[in-house]
Amino acid sequence: MRVRLRSLLLAEKFSAALRLATILSHGTAKKVRADGVSQFTFSTEAGDTIVFPLRGHIVAVDYPESVRDWAATDLDRLVDTEPVEVEAPLALHEALRGIAPGIDEVVVATDFDREGELIGVEALRAIRAVRPDVPARRARFSAMTPSEVLRAFEGLCDVDWALAEAAATRERIDLAWGAVLTRFLTLACGSEVLLSVGRVQTPTLALVREREQEREGFAPRPFWDVLADIGDPPFVARAAGGPFWDPSGAEAATARAGLGADALVVRLEAYEEREAPPSPMNTTRFLAEASRRGLGTARAMAVAQDLYVRGAISYPRTDNTVYPPSLPIADILLRLRDSSYREHVDRIQSLPEVRPTRGPVSTTDHPPIHPTAAPPRLREPAATVYDIVVRRFLATLLPPATYRALAAGFRIGDADFVAHARGLVESGWRSVIPDERSTPPLPPLQVGDVLALRGLRTEAARTRPPPFHTQGSLIQAMERMGLGTKSTRHEIVALLYRREYIEGRAIRTTGAGRALVDALVPHAPDLTSPGMTRTLEGRMSAIAAGDVPMASVLRDSRDELHGLLAALRENEAVIARWIRDAARLHRDFGPCDACGRGRLVRRRTRTGWSFLGCTEYPRCRRRLRIGRGGVRLPWTLGTEAPLAAP
DNA sequence: GCAAGGTC
C-alpha cells in the first residue's frame, strides 16, 4: 500500500488560508472545525492536506513574574532580563498540538516578509514541541494568485531561520527599551499615569512637537496684492508684478492703474492642462483620505477591517500602489454595476482600453486597496470608507481630466493685470472624484476688447505657517521617516492620544507630551528621532544575512541601554521636575470656583472626552468643558460666561 | 501598569 503524505500548511490569517486551500485544491477544499479552530482540508493524489489559519503572531514576549513589580525591580537588572515567551492565543497552540501527531510535513505559507517568517516559526516551534523531527519547508509567493501560489508550491524552499531571528531580535529590543524607559520616567516623575516611551511612539510625538516649533518660530510676512474687478458679471484680475512685499509697490501699481477708467484686453493665452488620475491606494493614502473626510484613522482602519471581513473590500493593510496583473479588474467592475456607482462603471466599460495608473511603491505583500463587491446599503461610517475605496479604484481606471486654461492680460491705465481661469473640458477621472476647488470661468474675450473697470482694491495678507499635523498628515510623515508599519501607524497615533501626549484634530502636544520630548532630546537624540529605527533595521538586515548573531546584537543594544539609563539617572532630578511640572499644569486648572476646597483637574469620560472636574467629587459636582487652547467653558452652552484659563 | 508587530 502506498503511503499518503499528510501535510500541514500554515497561513498567516483566515482569509489567506481560505485562498491557499481554494487554489491548491482547485476548489474542493472543505472547511472543518477542530479544537474550536476553523481550518481547511483537501485531498489530492499526493496526499491529504490541512490548511491552518494562524492569527498573526501566536507567541508574545514579556517579562517574567520576577521583574513585574516596578518598585522592586532595578532597571539595570531589567535590561539584562531574558523575556519569556507567552502562548497567545492559547487555543491555536492547543489546536496545533492536537494536529501535530498526525502529520508528515509542515509547509510555512505565511506572508512573505520578516514578521511572516517569525509567525511561521512560532507555529513550527509549537508543532516541533510535540513532533521534534517533523520536516518543514517554506512556500514563498509574492501574490495570492493561482499561478504564483502553484509556482511557490512547486519550488518549496527552506525556512529562513535567520530572518525569523531578526524579527525576534526586534521584539526583544523594543520591549527592553520601551519597558525600561517607560518605568524610569513614570517612577522618576512619581506619575500616576503612564509616561510611556518607545522606538516608534516617541519619534512620532517628536514630529508633532517639531511641527509646533516650526509654527512657533514662523514669522508671518505681510504682502499685498492689487486687484481689479472687471466687466459684468465681474471677475478679478491681479496686478502684474505682485504679490508686493512692500506696501509702496502696491501703492505704485494702484496709482499707475488709477489713471485708467477701463480695462483693455492685450493678451490671451489659452492652453490645455491635463491632470493625471491618482495612483492605486495603499494604507497610508487611505488613512490620509479618511482623515481628510473627518474620520479618525484608528476608526477608519477598524471599519475597513470589517468591510474586508465582510468581503466588500480587499485587505486594508498594504504598502502597494501598483495593481498586480492578476487583479480581475473586469470582474470587479461587473460586480460594481449593481451599485450607485454604475454610471462610472459604464463609462469605464465604454473605454476602448482600460489602463490602470501605477503608483511609486510596488510591493508583493497585498494588492492596493480595492473594492471586491458591492454590498447593500451601508451605514456611516462604513459608507464613507467604502466610498473612498470605490471612488479611488474607479478613478485609477479613468483617463486624465483635461482643462482649458486661459490667461488674460489687461492694460489698466499704465499698469498690467492678469486674470486666470480654468474650465473642465473632459472630466475623465474627475467625474468620480470631483475637484473641490473650481475657478469661475472668464467671459468670452478677444484682444482689443475694452471692459468696464468697476474698481481697484488692495488686498493685504500674510504668509502662513505650515499647518498643524492632522492624523492623516502625521501618518504620512511617519511613513516618510520609516516609523512604524502599515498595520501599526494608526495605532501609534491613537496611543499618543490615549497617553494624553497629543490633543485636538489639528494635533498639538500637551504639556506632558511637550515636556517628555524636550527632556529626552538632549540625552537620547536617537530615541526621539527615526535614528533608532534606522539602526535597528540595519542590524536586522545583518542578522537576516547571517553576518551577525542575534546574541551579539542584543548585547550591543543592552550596553547602549545601560549607558542611556546611567545618563538619565544623572539628570533624574531635573528631568523629573521638568516633566512633572508640565504634566501637572496640563491636568490642573487651579482651585475649584464652586466649592473652594478642591481643584479643577482634567478628567476623561469613558468615551475619551476631556473635561474639568473637581477633585472633591462627588461632594462637589462642578464640571466644565475644555475649549480650544485649554479655555474653560461652561458645561451647558450659553448658561455662563466662559472663564479665562489661568 | 512597560513596546511594536502581527491579526480579530
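Each chain gets a letter, A, B and so on, in the order its sequence line appears, and its residues count up from 1. Just so it is clear, the values below take in all heavy atoms, side chains as well, and ignore hydrogens, waters and symmetry mates. Just so it is clear, the model here is predicted, and its values are computed rather than measured.
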* How is A:W177 classified with respect to the nucleic acid when contacts are heavy atoms under 4.0 Å: base, sugar-phosphate, or nothing? -> nothing
* **Contact residues, residues 109-130 of chain A to DNA chain B [heavy atom, < 4.0 Å]** => A:D111, A:E115
* Asked: So what does A:Y315 touch, heavy atoms closer than 4.0 Å: a base, only the sugar-phosphate, or nothing?
  -> sugar-phosphate
* To do: State which residue, out of A:V493, A:L295, A:I475, fulfils the side-chain contact (heavy atoms from CB on, under 4.5 Å) condition with A:L287.
  => A:I475
* To do: Classify the nucleic acid contact of A:I492 as base, sugar-phosphate or nothing, counting any heavy atom under 4.0 Å across all strands shown.
  => sugar-phosphate
* Counting any heavy atom closer than 4.0 Å, what does A:E12 reach on the DNA or RNA strands: base, sugar-phosphate only, or nothing? -> sugar-phosphate
* To do: For A:V197, report the nucleic acid contact type (base, sugar-phosphate, nothing); a contact means any heavy atom under 4.0 Å.
  => sugar-phosphate
* A:I173 side chain reached by A:V553 side chain, heavy atoms, under 4.5 Å -> yes
* Hey, is A:R55 close enough to A:E122 for a salt bridge, meaning N to O under 4.0 Å? -> no
* Taking the nucleotide of DNA chain B with the closest heavy atom to each, which residue, A:Q305 or A:R183, is nearer the 5' end? -> A:R183
* Asked: Between A:D62 and A:D306, which has a closest nucleotide on DNA chain B that is more 5'?
  -> A:D62
* Asked: NA contact type, A:S487, heavy-atom cut-off 4.0 Å: base, sugar-phosphate, or nothing?
  -> base
* To do: Step through the shown structure and confirm whether more than 12 heavy atoms of other residues, nucleotides or ligands are within 6.0 Å of CZ on A:F112.
  => no
* Would you mind checking if A:R539 and A:E560 are paired as a salt bridge, meaning a charged N to carboxylate O distance below 4.0 Å? => yes
* Asked: Are side-chain heavy atoms of A:E491 and A:Q201 found at a separation under 4.5 Å?
  -> no
* A:D113 side chain vs A:G116 backbone, donor-acceptor pair below 3.5 Å -> yes
* Which part of the nucleic acid, if any, lies within contact of A:R199, taking any heavy atom under 4.0 Å across all strands shown: a base, the sugar-phosphate backbone alone, or nothing? -> sugar-phosphate
* **Enclosure of A:R125 CZ (heavy-atom neighbours >12, cutoff 6.0 Å)** => no
* Asked: Is it true that a side-chain atom of A:N282 and a backbone atom of A:T321 form a donor plus acceptor pair closer than 3.5 Å?
  -> no
* Check every strand shown and say whether A:T485 touches a base, only sugar-phosphate, or nothing at a heavy-atom separation below 4.0 Å. => sugar-phosphate
* **Terminal contacting nucleotides, 5' and 3', DNA chain B versus chain A (heavy atom, 4.0 Å)** => B:dG1 to B:dC8
